[in-house]
Each structure stands twice: as structure tokens, then as C-alpha cells.
J.: 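Structure in C-alpha cells, see below.
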Amino acid sequence: MDAVATPASVLRADFPIFERVIDGHPLSYLDSANSAQKSRHMLDTMMSFYTTSYANVHRAVYQLGVEATEAYEGARETVRALIGAASTKEIVFTRDSTEAINLVAHSYGRANLAPGDVIVCTELEHHSNLVPWQVLSQQTGAAIRYVHIDDRGELQLDELDEIARSGNVRLLAVAEQSNSLGTSNPVRVLADWVHEQGGVIVVDGAQSVPHRPTDVTALGADFLVFSGHKLGGPSGAGALYGRRELLEAMPPFLTGGEMIRSVRLSGTTYNELPWRFEAGTPAIAEVVGMGAAIEYLVGVGLDNVQAHEQAITRYALGRLAEVPGITVHGPTEHSRRGGVVPFSLDGVHPHDVAEILGSQGVCVRAGHHCTQPVMERLGLPATTRASFYLYTVPDEIDRMIDGLHRVRRIFA
Amino acid sequence: MDDLYREHILDHYKNPRNHGALTDADVSVEGTNPLCGDELHLDLNIIAGRIEEIRFHGRGCSISQAATSMMTELVEGKTVEEAAALTRADIEEEMGIPLSPVRLKCALLGLSTLRVALNRHAGVALPEGWAGMDGVDWR
């Protein structure tokens with residue numbers, strides 16, 4: 001078991017940005033689903049890496065090159081342990097979730113899909129887990145089928161029976177947690193279903209890996225992607241997990257240096273896993289920073305992070321219910337959702353809500369959250385979204401609520 | 001901040017001028033702003049090179065709705081050439097505030113949609129997806 005949970009109010013001191021004052025207001029950062037803030041541990045690790053150990057990886061034989069390679073490959077082990085993968089060979093560093101999904105679509109997808117095959121996606125997906133599959137469908141002639149959502153943003157799993165009857169399901173892509181509605185999806189159920197169909201599952205963990213314990217075996221994931229910047233690492237580093245036998249059989253995605261074993265004018269042989277999928281000089285310090293962010297999270301305990309977010313989400317839902325004219329979207333039951341709360345305020349456009357909250361130091365996102373099909377399904381032009389993390393405290397929610405009352409006065 | 005939501009902007013938002021649609025409009029154009037999910041429908045009647053009537057409807061944030069309302073007041077009765085010469089600065093002057101980069105697309109949705117409409121009316125062949133935003137300094 002992890003150590004006794006440290007309160008968010010204490011963890012907060014580990015994040016220098018919370019010293020920031022916006023126009024006389026303390027910072028209320030309620031946009032962690034967009035990107036998370038950075039711990040001093042992560043920032044110090046990156047600074048130390050650049051100031052004492054920086055060199056390119058995998059080729060320099062001098063001391064700095066050895067240290068840089070050890071730091072970079074050490075982060076791979078940190079990622080492996082975070083998600084319970086069997087081997088570091090199954091961990092490929094990418095720029096972010098988007099690049100990792102594109103890697104799977106281009107490499108696995110083009111090699112394994114053909115006309116007559118079926119890709120299954122959901123209406124709930126972020127554009128990054130939707131557009132690559134639409135493009136793959138166009139390129140390979142495979143059909144794409146969608147699992148739709150109900151009015152509360154829950155996947156309608158009964159649709160799977162009809163999709164199964166059509167046969168030839170080769171791949172299912174789904175987020176473990178919706179970025180725009182907060183819905184937690186039953187990944188294990190979906191994994192078992194697609195495996196029965198003879199297909200593989202691609203799990204978008206961008207909104208789940210930073211917020212709860214992850215075990216790729218328990219999930220039944222064939223592929224899992226996440227972004228480092230959403231778990232407190234720098235932007236520019238993320239990861240793809242792929243089951244080893246799948247990765248072994250996949251053709252390269254990007255090609256060039258680093259991913260090769262030998263190059264002759266007559267032809268090239270490729271490097272072994274995972275470097276076969278890491279062409280070019282990688283985001284070295286960013287990967288090291290992502291590793292440090294994960295170390296910090298593991299130190300806090302991801303079960304503690306999850307428990308805290310559930311508590312703060314329950315608190316936020318209760319306080320939002322006090323504001324006249326507020327409609328919260330997504331699952332009603334807080335246990336069915338992560339720390340993401342999208343809402344509408346009657347008569348006020350979300351962009352105006354976010355602007356006025358922003359002037360009070362309250363950072364929320366307004367827009368379609370890269371999920372236009374969800375907005376269309378729910379008949380919303382956009383929503384305002386508050387999202388939470390391990391450092392979110394009730395005071396921030398209270399300041400958002402005060403701000404919402406202010407919005408109502410301005411637009412009364 | 002409250003500068004942005006000053007009285008005359010909220011007045012245009014709550015009581016938009018030239019709101020609605022024209023039946024048998026000479027030119028009708030849809031404008032969108034994906035950032036906010038704004039949608040704007042603009043109708044114009046242009047007689048002898050002059051904008052005789054203009055109406056708009058759609059959905060959007062207060063800034064886009066108010067700025068569009070102000071734009072319609074600016075161009076009604078003007079010649080096509082005068083209307084086509086309107087710039088970001090004219091909209092900012094009407095709003096009475098400098099526009100931050102993030103709200104610029106909201107505030108200029110009406111103007112850019114007007115540019116598309118005027119070009120279409122003149123029979124100018126436009127590139128696919130041209131949104132009338134050429135020449136805007138986005139800083």
C-alpha cells in the first residue's frame with residue numbers, strides 16, 4: 001500500500017506556479033485536463049540534466065553521452081513500471097498521444113487492414129483518436145463503425161452486438177476517460193469484446209494514465225498511449241505501449257537515423273525494439289522530465305491521486321448545483337467520471353464564462369474540447385470545462401463558484 | 001476585464017441591431033469560428049452598389065455577437081467599396097477596447113463574413129475555405 005495520502009494543500013507547495021498572482025487574485029488552475037502544471041522536482045530534474053549531463057543519446061561514448069543515455073533509458077523503465085508493461089521493449093517514446101496514435105494507425109493499421117475489415121471507434125473520442133482512424137479507413141478501404149453515446153455521455157455498449165454480427169472487426173480505439181465529458185469507459189469489457197472478434201484494442205490513456213493506477217495487463221490493452229505534459233512533464237514527450245509481438249511485426253513509422261541497424265545503398269535493416277520506432281534525435285530532456293514527473297506521481301501514489309480527484313469532483317458537483325442556471329454535462333454519478341466537469345450557464349456563451357472567470361484568476365477551458373461529434377450529439381455549441389488534479393483544492397472551486405455568480409450579474 | 005463587458009457591448013449583445021434574416025437576399029453567407037463554436041448567417045441586399053439592407057443571426061459569444069451587430073450598423077447604407085475597406089481598427093474603435101489575440105477571431109467573425117459576402121456578390125472566385133481574414137494582424 002502507498003503511504004498515507006498527503007493533502008492537496010500540502011502537495012501544492014511542490015508546484016511553483018501556484019505562487020503566481022493574476023491581477024491580484026490567487027491562481028485557481030482548473031484546466032489540468034488540457035495540460036497539467038509542473039512540480040519543482042520535474043523542473044529541477046530537467047535543469048540539472050541540461051546543466052550537468054546533456055549530450056545526445058545512444059552514440060556518444062564519452063561520459064556525458066553515457067549519462068544522458070542512462071537518464072533517457074531510465075525514463076523508459078519508469079514508464080514501464082508505471083503502466084505494468086512486461087518489458088521496456090514495449091515502451092516507445094513519442095511526442096504525445098496524438099503521435100503515438102498516428103504511429104499505430106500508420107504502421108499497424110496500414111499493414112493489417114484491408115477492404116472488408118472494420119475499425120470500431122466511439123462518438124466520445126478526442127479528435128486525436130478519431131481522425132487518424134478516419135484517415136486509415138480512407139487509405140485502406142476498411143470500414144469505420146462508431147459506438148454512440150447516450151444523453152449522459154455513456155457508451156451504448158448494446159450496439160456492439162450489431163457491429164459484431166457484421167464481422168471482420170480488426171481494431172477498436174477508445175479513450176479510458178473522456179476529455180470532454182469525463183466519462184470513464186469500461187476498457188476491459190471492450191478489450192474482451194474486440195479480442196473475441198479477433199481484433200486489437202488501442203487505448204487512449206491521455207486522460208486516465210495521469211490520474212489513476214494503470215496496468216496494461218489488467219486493462220487487456222494491446223496498445224496504450226499517453227502524453228507526458230498531462231501528468232506534469234514537459235510538452236513534447238509522450239509514450240506508446242505496444243504488446244511486444246505486435247510491435248515486433250510492425251513496419252517502421254518514421255524512418256532515418258537511430259531506427260536503423262545497418263544502411264547500405266542496396267537496402268536497410270532496422271534497429272530492434274523500441275528504437276526501431278524512434279527515428280531521429282528524440283526529445284531527450286523532455287523524456288527525462290517526463291520520467292521525473294512520473295517519479296513524483298508515484299511518490300504521491302496514483303491511488304491517492306484518484307481518491308483525491310473523486311473527492312474534489314464530488315465537491316465541485318455539489319457547489320455547481322448551488323448556482324442557478326448551471327447544467328452539468330456527462331455522467332451524473334461521480335464514480336462514473338473522472339475529474340472533468342463540463343457545464344453550461346443559461347444565456348451565456350462558454351467563452352464569455354471562461355473570460356470572466358479568467359479575469360478572477362480562475363483558469364477553465366471553453367470550447368468543443370476537440371470533440372465536435374460529442375458537442376453535436378448533445379446539441380451544444382461549446383461548454384465550459386473545469387478539470388482537476390492532485391494539487392486542486394476546494395478554495396479553487398469556491399473561487400470558480402464566486403466567479404460564476406459574477407458572470408450571472410454581468411449578464412443579468 | 002470588466003472593460004470587455006462594458007455597457008454598450010452588452011447592450012449590443014442583448015439587443016442586437018439588424019438581427020434576423022432577409023427573404024430574397026442578394027447574397028447570403030455562413031461564417032464560423034471553430035474556437036468558440038460560433039456560427040453566423042449574414043444576409044445582404046445590395047442595390048446599385050450600396051448595402052441597402054443587412055441582417056444577421058446565429059449563435060456565439062457576446063463579443064462576436066456585439067461586434068457583428070456594430071459592424072452591421074457601420075455598413076448599412078454604405079457603398080460596397082466603403083464596406084470592403086473596413087478594418088480591424090474600425091471594429092476596435094466601435095468596441096471601444098483593444099482586442100486581445102484570443103478574442104480577435106470572435107470580434108472579427110462579422111467583418112470577415114462580410115468580406116466573403118462582398119466578394120461573392122462581386123462574383124470573385126474564392127479559394128475553398130477562404131474565410132475573409134486576409135491581412136489581419138493577429139497579434
Side-chain angles (χ1 to χ4, degrees), chain A residues 21-25 28 31 34 126-127 130-131 180 329 342-385 399 402-412, chain B residues 1-16 19 30-42 56-71 91-92 95-113 129 131 138:
Chain A
V21 172
I22 309 276
D23 224 4
H25 301 280
S28 305
D31 198 21
N34 198 350
H126 188 283
H127 295 164
L130 183 58
V131 180
S180 67
H329 309 291
F343 60 87
S344 302
L345 178 56
D346 279 353
V348 189
H349 192 282
H351 215 150
D352 292 319
V353 174
E355 174 113 26
I356 295 168
L357 291 181
S359 72
Q360 311 293 299
V362 179
C363 309
V364 295
R365 172 130 183 232
H368 52 60
H369 315 292
C370 297
T371 57
Q372 287 183 352
V374 172
M375 298 293 125
E376 193 176 337
R377 166 65 179 79
L378 301 181
L380 302 165
T383 65
T384 307
R385 181 188 70 183
R399 290 195 287 264
D402 291 347
L404 288 170
H405 286 298
R406 183 185 178 84
V407 174
R408 293 189 69 243
R409 284 196 299 276
I410 290 174
F411 281 88
Chain B
M1 145 56 32
D2 287 347
D3 272 6
L4 189 51
Y5 295 98
R6 57 177 64 174
E7 202 58 42
H8 80 291
I9 293 178
L10 287 172
D11 177 49
H12 272 270
Y13 176 56
K14 292 171 184 170
N15 309 294
H19 194 260
E30 306 281 345
T32 61
N33 173 357
L35 178 65
C36 313
D38 291 354
E39 291 171 9
L40 172 65
H41 184 97
L42 195 61
F56 80 98
H57 66 275
R59 58 184 189 184
C61 65
S62 61
I63 302 305
S64 79
Q65 297 290 293
T68 302
S69 169
M70 292 172 188
M71 179 279 289
I91 301 297
E92 279 184 312
M95 303 281 283
I97 46 163
L99 294 163
S100 75
V102 288
R103 296 315 286 271
L104 207 52
K105 283 193 176 163
C106 309
L108 297 186
L109 177 61
L111 179 63
S112 58
T113 307
W138 291 108

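Order of the sequence lines fixes the chain letters, A, B, ..., with proteins taken first and strands second; residue numbering starts at 1 for each chain.
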J.: Could you state the interatomic distance from CZ (B/R103) to CG (A/D352), rounded to the nearest 0.5 Å?
T.: 5.0 Å
J.: Measure the shortest side-chain to side-chain distance between A/H349 and B/D38 over non-hydrogen atoms and say whether it is less than 4.5 angstrom.
T.: yes
J.: Quick one: pull up CD in A/E355 and OG in B/S100 and give me the separation to the nearest 0.5 Å.
T.: 5.5 Å
J.: Can you measure from CD1 (A/I410) to OG (B/S62) and round to the nearest 0.5 angstrom?
T.: 9.5 Å
J.: Which heavy atom of B/K14 sits nearest to which heavy atom of A/A412, and what is that distance?
T.: NZ-O, 3.0 Å
